[in-house]
Protein chains: 4
Amino acid sequence: MDRRSQILQMAGHLFSQRGYHATSIRDLAQALNLQGGSLYAHIASKEELLLEVVRQAAARFQEVLEGLPEAGPKEKLVALVKGHLRVIAEELPRATVFFHEWKHLSPPLLEEAKALRRRYEEGVQRVIAEGVEKGVFQVENLRLATLFLLSALNWTYQWYRPQGPMPLEEFSEAYAGMALRALGAGEGGEDGQA
Amino acid sequence: MDRRSQILQMAGHLFSQRGYHATSIRDLAQALNLQGGSLYAHIASKEELLLEVVRQAAARFQEVLEGLPEAGPKEKLVALVKGHLRVIAEELPRATVFFHEWKHLSPPLLEEAKALRRRYEEGVQRVIAEGVEKGVFQVENLRLATLFLLSALNWTYQWYRPQGPMPLEEFSEAYAGMALRALGAGEGGEDGQA
Amino acid sequence: MDRRSQILQMAGHLFSQRGYHATSIRDLAQALNLQGGSLYAHIASKEELLLEVVRQAAARFQEVLEGLPEAGPKEKLVALVKGHLRVIAEELPRATVFFHEWKHLSPPLLEEAKALRRRYEEGVQRVIAEGVEKGVFQVENLRLATLFLLSALNWTYQWYRPQGPMPLEEFSEAYAGMALRALGAGEGGEDGQA
Amino acid sequence: MDRRSQILQMAGHLFSQRGYHATSIRDLAQALNLQGGSLYAHIASKEELLLEVVRQAAARFQEVLEGLPEAGPKEKLVALVKGHLRVIAEELPRATVFFHEWKHLSPPLLEEAKALRRRYEEGVQRVIAEGVEKGVFQVENLRLATLFLLSALNWTYQWYRPQGPMPLEEFSEAYAGMALRALGAGEGGEDGQA
DNA sequence: AATGAATGAGTGTTCATTCAT
DNA sequence: CATGAATGAACACTCATTCAT
């Protein structure tokens with residue numbers, strides 16, 4: 001891994017643990033056995049680092065959407081939930097920054113971060129909408145259902161720990177079940193207009 | 001409202017909007033038409049301010065738990081969801097600080113904040129556990145179900161805006177419905193062992 | 001004792017213990033069960049307090065000089081040493097400020113403090129000069145002998161504690177003996193050209 | 001001389017002239033043609049600077065004790081007095097800080113400063129004690145005699161100026177003479193048990 | 001690439017002092 | 001007389017960033 005990647009990795013780690021503002025360039029340099037000024041041979045600014053971490057996380061989440069199987073809504077939703085939680089488990093620091101620290105970007109870059117987040121949310125909404133259209137999901141309000149699902153998913157970065165007692169597979173299986181039920185697509189029913 | 005309450009209110013507002021570290025004492029003072037140093041006639045430190053805001057929010061959430069009706073699990077859960085969302089709607093800045101900024105407290109005070117959050121989460125878990133015991137809720141894993149619910153509820157502070165297009169009543173009604181279904185207590189069924 | 005005297009006493013106490021700059025007006029007020037601003041009904045400024053304490057100490061030392069017995073040089077010197085040490089013992093805080101903290105006065109007032117100290121030193125020098133003229137003291141260099149004596153006397157405020165194990169009388173008796181010998185006026189000899 | 005030594009030297013100079021609390025980090029930086037914050041590339045804190053200056057002075061005084069000739073008590077005491085006064089003359093700023101400003105250290109460091117001072121005083125006391133044991137010095141009270149000598153010596157930093165009219169050699173010669181007499185070891189007598 | 005010294009703005013906090021009440 | 005709120009300047013110290021080496 002080249003220097004820049006090392007720096008980005010460590011930045012993700014520290015930003016996620018302490019927060020962007022509470023992490024100084026010197027903290028970051030020290031964690032890499034460097035002097036503060038030395039980072040500037042590799043990066044343009046602290047803020048660029050933040051944006052880059054956000055972009056990397058966004059890319060991982062976007063891959064989930066793009067890798068969804070061509071299948072019925074339930075299967076798709078399960079894949080989405082599992083994929084989302086896998087990204088969080090595998091990329092906890094970056095995901096944390098994606099969910100929280102992006103707010104500290106300043107206007108020009110902030111827009112990009114917002115757009116990345118919006119794009120993902122729209123993708124999630126499409127998955128639900130498709131299920132509703134096909135009569136598999138029953139929701140009163142599409143937007144609200146999307147936000148309910150995203151909330152349940154996003155907040156997990158706050159408490160799920162991959163090294164913890166619950167393996168990812170068990171965790172995401174159970175989570176997907178609750179998500180389906182919340183969307184009115186309980187266990188039994190066929191997937192699609194059977 | 002006395003000066004200290006004004007300061008606390010404004011601190012909650014700014015901490016929630018910009019984050020604790022990105023809000024300087026001078027920012028806070030300026031928002032109150034004061035000089036930076038003048039705040040120290042009313043507060044002991046910036047950190048004390050943060051803790052106080054966290055405490056106030058925690059108190060509001062705790063009231064919800066304590067005001068739950070003596071009723072069946074479904075009714076109780078609905079009241080919990082609605083109460084939680086009402087606190088978020090009515091106390092958006094403080095709730096935001098309660099969910100996020102508490103992390104920036106330093107060790108002695110950090111423990112108090114963690115304890116306050118833990119106490120609330122345990123209360124929520126008890127409500128779900130009761131429903132499970134009475135056979136009203138069907139969940140695979142109690143802890144996970146609690147975290148699912150808390151996630152769906154907590155993250156709302158990120159996107160729900162009381163001045164937005166959706167009135168609180170409609171929002172929380174729909175949200176409660178999804179929560180119930182997620183816990184395996186769909187519409188129909190009696191509340192309790194009918 | 002009126003308020004102003006109380007304030008002056010406490011100021012002497014705190015200035016001597018912590019130093020002028022390390023004692024804040026609020027420290028002083030607090031020690032008197034007052035609010036910081038309240039002191040200004042009684043004093044003009046912090047610096048005025050310092051000068052006043054210096055003046056009070058200077059007056060006590062000056063009294064020693066003026067109360068010296070009309071007697072031979074040895075007797076006079078013994079009275080001077082004992083008087084000086086008594087003032088230190090009885091007025092430790094003020095004496096400490098007189099010896100040290102006067103330096104923090106700013107130019108206009110600084111001159112007064114310097115003059116007070118100079119006046120006392122000149123008085124001490126006259127006592128020694130008289131002994132030299134009368135052939136009782138044998139010193140190589142009058143100025144140096146004076147400074148030697150003053151040094152031995154002044155520094156005592158650093159270590160002599162009236163509540164300590166050595167009673168003032170014993171202490172100053174022994175001290176006077178060493179002073180006399182240093183000035184070449186050992187035990188035996190008559191006092192004056194008998 | 002490297003930057004850190006320059007800073008320490010200037011710190012000694014300013015602390016001795018104005019006092020520790022009356023010397024700001026910006027004063028110090030300005031005297032070195034730097035910005036305030038720039039000092040922190042070289043030092044850890046203002047207090048560290050104070051302790052370091054105290055240590056350097058203590059080392060110089062301790063060298064005097066350790067370089068004392070193996071000779072009779074009178075010769076040794078003369079060497080001690082002259083050595084002590086030479087350190088004051090050559091290291092006036094540091095010596096001043098050693099005598100006065102050490103009090104502003106806070107507890108953990110304060111103890112070190114006290115220990116350094118105590119060690120030196122004990123060394124001085126041993127020199128006198130030896131002379132007393134050998135019958136060369138006659139003192140009523142060993143501890144008091146030590147404090148008398150130390151007082152006469154220490155206070156000199158307040159008034160002796162190396163650039164002044166009196167050369168160090170003449171000054172310390174005369175001072176040593178008075179010290180010897182104060183200890184009851186006048187000119188004539190042999191040095192030792194003749 | 002990396003260092004180490006420097007900058008200038010900014011941090012939270014304290015200060016002596018003022019003043020309406 | 002005393003209070004409590006306020007000021008404006010100062011404090012020690014940290015920050016992101018620059019740059020000669």
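So you know, we letter chains A, B, ... as the sequences are listed, proteins then strands, and number each from 1. Since the structure is predicted, the reported quantities are computational estimates derived from the model, not experimental observations.
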Nearest-nucleotide check on DNA chain F, B/Ala41 vs D/Asp27; residue mapping nearer the 5' end is B/Ala41
The answer to which of D/Tyr20 and A/Glu47 contacts DNA chain F further toward the 5' end, by nearest nucleotide, is D/Tyr20
More 5' along DNA chain E: B/Gly37 or D/Arg3, using each one's nearest nucleotide?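 It is D/Arg3, whose closest nucleotide lies nearer the 5' terminus.
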Between C/His21 and A/Asn33, whichever has its closest DNA chain E nucleotide further toward 5' is A/Asn33
Check: C/Lys103/D/Gln158 side-chain N/O donor and acceptor closer than 3.5 Å: yes
**Message:** Checking B/Thr96 against B/Glu91 for the side-chain contact (heavy atoms from CB on, under 4.5 Å) test, could you report, in this order, the C-alpha distance in whole Å, the side-chain angles of both residues, the deciding distance, and whether it holds?
**Reply:** CA-CA 8 Å; B/Thr96 300; B/Glu91 300 272 14; over 6 Å; no
What does D/Ile25 touch in the nucleic acid at a heavy-atom separation under 4.0 angstrom: a base, only the sugar-phosphate, or nothing?
->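 Sugar-phosphate, backbone atoms only, no base.
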| said: Using a heavy-atom cut-off of 4.0 Å across all strands, would you classify C/Leu34 as base, sugar-phosphate, or nothing? | reply: sugar-phosphate
*Cation-aromatic face contact C/Lys46/C/Tyr40, 6.0 Å, 45 degrees*: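 Pair C/Lys46/C/Tyr40 does not count as cation-pi.
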Can you tell me the distance, in whole Å, between the [atom1] atom of [X] and the [atom2] atom of [N]?
| X | N | atom1 | atom2 | answer |
| --- | --- | --- | --- | --- |
| D/Tyr40 | E/dT7 | OH | P | 15 Å |
| D/Leu39 | E/dT7 | CG | P | 10 Å |
| B/Lys46 | E/dT14 | NZ | P | 15 Å |
| B/Arg18 | E/dT11 | CZ | P | 11 Å |
| B/Gln35 | E/dA16 | CD | P | 18 Å |

Nearest heavy-atom approach of C/Leu39 to C/Ile25 is CD1-O, 3.6 Å
Between A/His42 and E/dA2, is there a contact of a side-chain N or O with OP1 or OP2 at under 4.0 Å?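 For A/His42, the contact criterion (side-chain N or O under 4.0 Å from OP1 or OP2 of E/dA2) is met.
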Taking OP1 and OP2 of E/dT3, is either one under 4.0 Å from a side-chain nitrogen or oxygen of A/Ser38?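 For E/dT3, OP1/OP2 do have a side-chain N/O of A/Ser38 under 4.0 Å.
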For the backbone of C/Tyr157 and the side chain of C/Arg161, can you confirm whether one donor and one acceptor N or O come within less than 3.5 Å of each other? yes
_Check whether D/Thr23 reaches the backbone of D/Leu14 with its side chain - one donor and one acceptor, N or O, closer than 3.5 Å._
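Confirmed, D/Thr23 side chain pairs with D/Leu14 backbone.
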**Asked** Can you list the steps and then say if B/Leu110 with B/Trp102 is a side-chain contact (heavy atoms from CB on, under 4.5 Å)?
**Response** CA-CA 7 Å; B/Leu110 184 60; B/Trp102 64 274; 3.8 Å; yes
Q.
Let's go through D/Glu47 and D/Ser106 carefully: what are the C-alpha distance in whole Å and the side-chain angles of both, what is the deciding distance for side chain to side chain donor-acceptor pair (under 3.5 Å) to 0.1 Å, and is it a yes or a no?
A. CA-CA 8 Å; D/Glu47 201 179 11; D/Ser106 48; 2.5 Å; yes
Q | Side chain B/Arg26 and base E/dG10 donor-acceptor under 3.5 Å | A | no
Quiz prompt | Terminal contacting nucleotides, 5' and 3', DNA chain F versus chain A (heavy atom, 4.0 Å) | solution =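 Here the contact window of chain A covers F/dC15 to F/dT18.
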Handout entry: Stems where DNA chain F pairs, listed by first number, each of three or more Watson-Crick or G-U pairs under 3.5 Å
Key =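 Runs of three or more consecutive pairs: E:2-21 with F:2-21.
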Next item on the list: Using a strict cut-off of less than 4.0 Å between a Lys/Arg side-chain nitrogen and an Asp/Glu carboxylate oxygen, indicate whether C/Arg4 and C/Glu48 qualify as a salt bridge.
Entry: yes
